[in-house]
Amino acid sequence: MTTGALALRLLPIALALPLASCNLVQSPLNPVSPQARDLLWLFWLFTAVLAAIWLAVMLALLMSLRARRTFGADPLAVDPRRESRAGILVAGLAVATGLAVLVLTGLSFAGQRRLFADEAAAVTIRALGHQWWWEFQYENADPSQGFNTANEIHVPVGQTVLVKLESTDVIHSFWVPSLMGKVDLIPGRQNTLRFTAERAGVYRGQCAEFCGLQHAKMGMLVVAEDPETFARWREVQSQPRLEPATDEARAGERAFVAAPCSMCHQVRGTRAAGHNGPELTHVGSRRTLAAGTLPMSRGNLAAWIVDPHGIKPGVNMPLVKLDPDELNTIAAYLEGLK
Amino acid sequence: MSEAATAPRELRDSELDGPALSARLARIWGTQRSIVGWLSSVDHKVIGRRYIVTAFLFLFMGGLTAIVMRLQLAQPESKLVGPDTYNQLFTMHGSTMMFLFGVPIGEAMAVYLVPLMVGTRNIAFPRLNAFSYWVYLSGGVFLWISFLLNIGPDVGWFAYVPLSGPEYSPGKRADVWAQMITFTELSGLAVAIEIIVTVLKQRAPGMSLSRIPLFVWALFVNSFIIIFALPAVMVASTFLILDRLIGTQLFNPAEGGDALLFQHLFWFFGHPEVYIIFLPGTAFVSAIIPTFARREIFGYLALVLSLIATGFLSFGLWVHHMFTTGLPQLGAAFFTANSMLIAIPNGLQIFCWIATLWDGRPVWRTPLLFVCGFFFIFVAGGLSGIMLASVPIDTQVHDTYFVVAHFHYVLIGGNVFPLLAAIYYWFPKFTGRMLSERLGAWNFWLAFIGFNVAFFPMHISGLMGMPRRVYTYGPEMGWGDLQLVSTAGALVLFASFLVFVWNVLASLRSGAVAGPNPWGAGTLEWATASPPPPQNFDHIPVVTHREPLWAERGGLPVVTGLSIRHRELVVSSVAEAEPQLRESSPAPSIWPLIAAVTVGATFIGSIFTPYAVLWGAPPIAAALTGWFWPKNTPEDEE
C-alpha cells in the first residue's frame, strides 16, 4: 500500500472514529441490563469529571509556558508575595483534588453496592471454565430438570440470572459486557455474578483473563428471550437428543458413537458419555461452534472435525481420522441435534 | 571542614592543585585500559553508562516485539504469527519492558548521576554495583536467548498460576520467566542499597536534607520502594519454581495451596513497580524544569513530601489489579479509596511543576518539549487510572484494551518521555557533546504524535469489548479499523526511536562540544567537566544552597585533605551532612564479575535440578572469598 493510499484509507477512519462504534455486539457501550447501564452511567460520569480536570491542567500548563521573567534574571530571585499567592493556590488545588477524589470514591462505592446486591435469582447457572470453552450447567431443584450445555446460554428477559463461576483448570474470566462487568473463574473458589437482561437479543461474551494458547477464541453467546420462549428452550434442552430423522443422520450417530468422539463428548440418549469436551446433545441448536469461533453449519461442523488445529491451533480436541462418508454423516447428524 | 584537613601524614589534595591534582586523581580513580581493567571497573560512571546502554537496548528489543504484535493485530484473522509466538511476544514485551528496562533504567540513571549530584567520588559499595550490573546483564541475556531458542516464556509478564504452574506449562518456559525475575530483582535490590547509602552517608559537606536535589530525593524514595517491593515478587517467582521443580503445592488449590496467593504476592510488588518506574520520571522532570524555566523549583518541601507519601501509598493499592477476583466487597472498596488517594500527592507534584513554569521564562529546548509531552500524556493516564480504581468501572474495563491504553499513557508518559528529556538534558554531561536540537524536535513530534495515534484508539477498542492478550479477532467484532490506526501510530512511534538512535550516534561523533554546564543549570553534576573525570571532582565541593551553582557564582567552596595516594572519599552525617570521616573506596576488582558468573550459572542450573544449588555453592563461596579477601586498607596502616 502506498503512503497516499494508506492516508486515504486512514482519513475516513479517523473522521468516523466516533461512529465506528456501531458494531457493539460485545461492548459496555451497549448495555441491556440495569447492571450494565449503571456501569456505563458511572463510566461516563467519571469520564466527564476527569476530562474536565485534564483540560484544566492542560490549560494551566499552556498559560504557564508564557515567559514571565526577564532573561538573565537571577534564577534564585523570587518575589515573596507571588510565592505565597502561588502557595495558597497550589494548596487550594490539592484540597480540591482531595474533594474530587472523595466524591468519586463515594459514587464508586454506591455503584458497587447496587451492582453486587444479593437479589433472588429466577435462573441459576453454574459456569465452568475449560481451556478453551465454557461449560454451563442449568441448576434445578428437581435434578432431572437440570441439564448441561456449552458456550451458549439462554436467559429470560426481565428475570434475574445468577451465574456461579468455577474453573476446572486455569483462571478464566466471564465477561458479557452488555449484561455485566467481568468476574473471574478461579480454581478452588466459587464466584458469582448476577444480571437481568431487559431486551431480547444475542449478546456476545469472551474470556477476559489470559488462559493460554486459545484465550483469543474462547467466546460465548447469551441469548435473551421472552420467558415463554426461554421455557420452551429449557424444556427441549433438558430432554435427551432428538432421534435422528434421516438415514444419513442415523448412520452419523452410529459413526459418532463408534468413533473416538464419544470418549470426550456426551450426547444424552446415546452411549456417547464423555465429559472432557462440550456436551453435544443439542449442539445443532447453538448459533456457533468451537466457543464462538465459527457460525453453526454443517460445513463448519465438518471443517472443525477435519481440522480443529487449523482453526484453533493448540486446542485440546484431537484430530480424529474419519473417512469422508463418516465425516459427512457425523456432520449431518450433529447439525440435526436441535 | 577543617578537621578533615589536620596534620597530613601522607600526600593530601591540599598540597596540590590544578592539572597536577586532576591528573593524579584521575590515575588513582581511573579504570585500566585493558580488557581485564574494563571488566574490573567499579567506577559508577562506567557502570552507569553500561546500565543505561543495556537498558536502552532492551527497550529497543521490547519495542520490536511490540511492532510484531501491532502488525499481527492490524487486521482481523491475520496469519503473521500464531498463538504460540504471539503469547511469547507479549510475555517478552511485558517482561522486558518492566524488568529489563523499566526498573533498571531509573537505577541506571541514578548510578551515574546520584554520586555526581551529591558531590562524591563514587557510589557506596562500588563492587556490589559492578556485580549488580553483571547479574542484570546475565538475566536479560538469559531471557532473550531462551526466546531466540523458542523456549521463551509464554505465560504473560504476570505469569498467573495455575497457567504457569507445572500442570499447564510443562517444559521450561515458565521457569525461564521466574528465574529471570530472580536475576533482575537481585541486581535491583543491590543498586537500591547503594543509592540509599550514598545518599545518606556520602553527601558533600553542607548538603543537609533540605538541600538534597529533588532528583536525588526521588531516587532515594524509589530505592526504599524497591527494597520493600521486590522481595514479594522474588518470593512469588521462587515459590513458582518450587512448585514446578520439587512439587511443593503452594499454589495448587487441590492440595491446600491457593491460586490467588500468587496474585497477592505479585501485585504487592506489581503496583509499587509502577511507581518504581514513575518516580525516576518525576526525578528527571524535577531536575529539568528549574533549568529550563530559569528559576528554582516551587514547593520543594511539598514535592519531597509528595514523593514520600507516594512511596507509602504505593503499597496500599495492589488489590485494584484484582477487583475481578471476587474479593470481599468492603475490602475492595478500601483499595478504591486508597488508589484514588494517591491522586493527591501526584496532583500536588503536577501543580508545583506548573507553578514553577508559571513564574519562569521557558527556554525552548528538546528537554522541555519532552517534559510538556510528559504532562499531556501522563496526566491523561493518571486520570484514566482513577477510573480503574473504581471497582464497578474496573469490572468492565479490566483486562481490555482500555487498560492497555491506560498504562501505556502512564508508563510511556511517566517514564519514557521524561527519560528522553533526561537523555537530551544529560547527554552533554555523559559524553561532552550536545545532541542535535533539530533531530530532537523531529524525535519529539514523531514520538508524541505516534504515541497518541497508537494508544488513544485503544481506549475505544477496549470499550468496544476487545480483551487484552488475544492473538487475533474475528472481522465481525468491528475492531479492525481502530487496530489498524493503532498499528500506524506504533510504527511512527518506533520511527521516532530510530531518529533518536541516529541523533545519539551522529552527535557522539560530531555534536557541538558541551563544556561543563551547557544549560546553565544549578546542581553539582554541572560543576565538573563533561564527561566527568574518574574522580568526579578534584576537590569535594561544599554545598551552601539547594542549587549550589546558582548560589555560588564565583566558584564553589571546597573541602581539602583527602588522600591522593589512594581512593578516598568523605563520609558525612545523615541529616546535616557534616563531614565525619575520610573513608577509602574499594579499588577495581574482577571478583564481582566472577561472582556474578557463578551466581548466574547456579540460577540457570537450578531451573533444571535442585542440586544446582548444591553444586553452585562452592564456586560462589570461592568467588565471594576472593572478593572479600582481607587486604590491608590504607586506614589500617595509619
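Computed from a predicted structure; not experimentally measured. Per chain, numbering begins at 1; letters A, B, ... match sequence-line order.
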| Stepwise side chain to side chain contact (heavy atoms under 4.5 Å, CB included) check, A/E209 with B/R469 | CA-CA 8 Å; A/E209 180 60 66; B/R469 302 169 185 138; 3.9 Å; yes

Cut-off 4.5 Å, heavy atoms of chain A, and the answer for B/V155 is backbone

Side-chain heavy atoms of B/T472 within contact of A/K217, under 4.5 Å
yes

Is any side-chain heavy atom of A/M220 less than 4.5 Å from a side-chain heavy atom of A/V176?
yes

Cut-off 4.5 Å, heavy atoms of chain A, and the answer for B/W479 is side chain

When the 4.5 angstrom heavy-atom criterion is applied to A/I171 and chain B, the contacting part is both

Cut-off 4.5 Å, heavy atoms of chain B, and the answer for A/E83 is both

Cut-off 4.5 Å, heavy atoms of chain A, and the answer for B/Y168 is side chain

Cut-off 4.5 Å, heavy atoms of chain A, and the answer for B/S339 is neither

When the 4.5 angstrom heavy-atom criterion is applied to B/F251 and chain A, the contacting part is neither

Whatever's closer than 4.5 Å to a heavy atom in chain A on B/F402 counts as side chain

Counting only pairs under 3.5 Å, give me each side-chain donor-acceptor contact of residues 38-60 of chain A, with atom names and distances, residues two or more places apart or in other chains.
unit_1	atom_1	unit_2	atom_2	d
A/D38	OD2	A/R114	NE	2.5
A/D38	OD2	A/R114	NH2	3.3
A/T47	OG1	A/F43	O	2.6
A/W54	NE1	B/F376	O	3.1

Applying a strict 4.5 Å limit to non-hydrogen atoms, the region of A/M218 in contact with chain B is neither

Okay, B/P253 and chain A: the region with an atom under 4.5 Å from a heavy atom over there is side chain

The interface call for A/Q112 against chain B, heavy-atom contacts under 4.5 Å, is both

When the 4.5 angstrom heavy-atom criterion is applied to B/M322 and chain A, the contacting part is neither

Item to complete: Anything under 30° is parallel, anything over 60° is perpendicular, the rest tilted; go ahead and classify A/F210 against B/F90.
Response: perpendicular

Cut-off 4.5 Å, heavy atoms of chain A, and the answer for B/F158 is side chain

Okay, A/R66 and chain B: the region with an atom under 4.5 Å from a heavy atom over there is backbone

Applying a strict 4.5 Å limit to non-hydrogen atoms, the region of B/Q263 in contact with chain A is side chain

With sequence neighbours left out, the residues meeting salt bridge (Lys or Arg N to Asp or Glu O under 4.0 Å) with A/R194 are A/D118

Practice problem: Report yes if some heavy atom in the side chain of B/L330 is under 4.5 Å from a heavy atom in the side chain of A/F109; otherwise report no. | Solution: yes

So, the part of B/A355 with a heavy atom under 4.5 Å from chain A: the answer is side chain

Most heavy-atom pairs under 4.5 Å with chain B, out of A/G188, A/G292, A/A208, A/G111, belong to A/A208

So, the part of B/A254 with a heavy atom under 4.5 Å from chain A: the answer is neither

When the 4.5 angstrom heavy-atom criterion is applied to B/D154 and chain A, the contacting part is backbone

Cut-off 4.5 Å, heavy atoms of chain A, and the answer for B/R546 is neither

Q) Under 4.0 Å between a Lys/Arg side-chain N and an Asp/Glu carboxylate O for B/D359 and A/R82? A) yes

Applying a strict 4.5 Å limit to non-hydrogen atoms, the region of A/N191 in contact with chain B is side chain

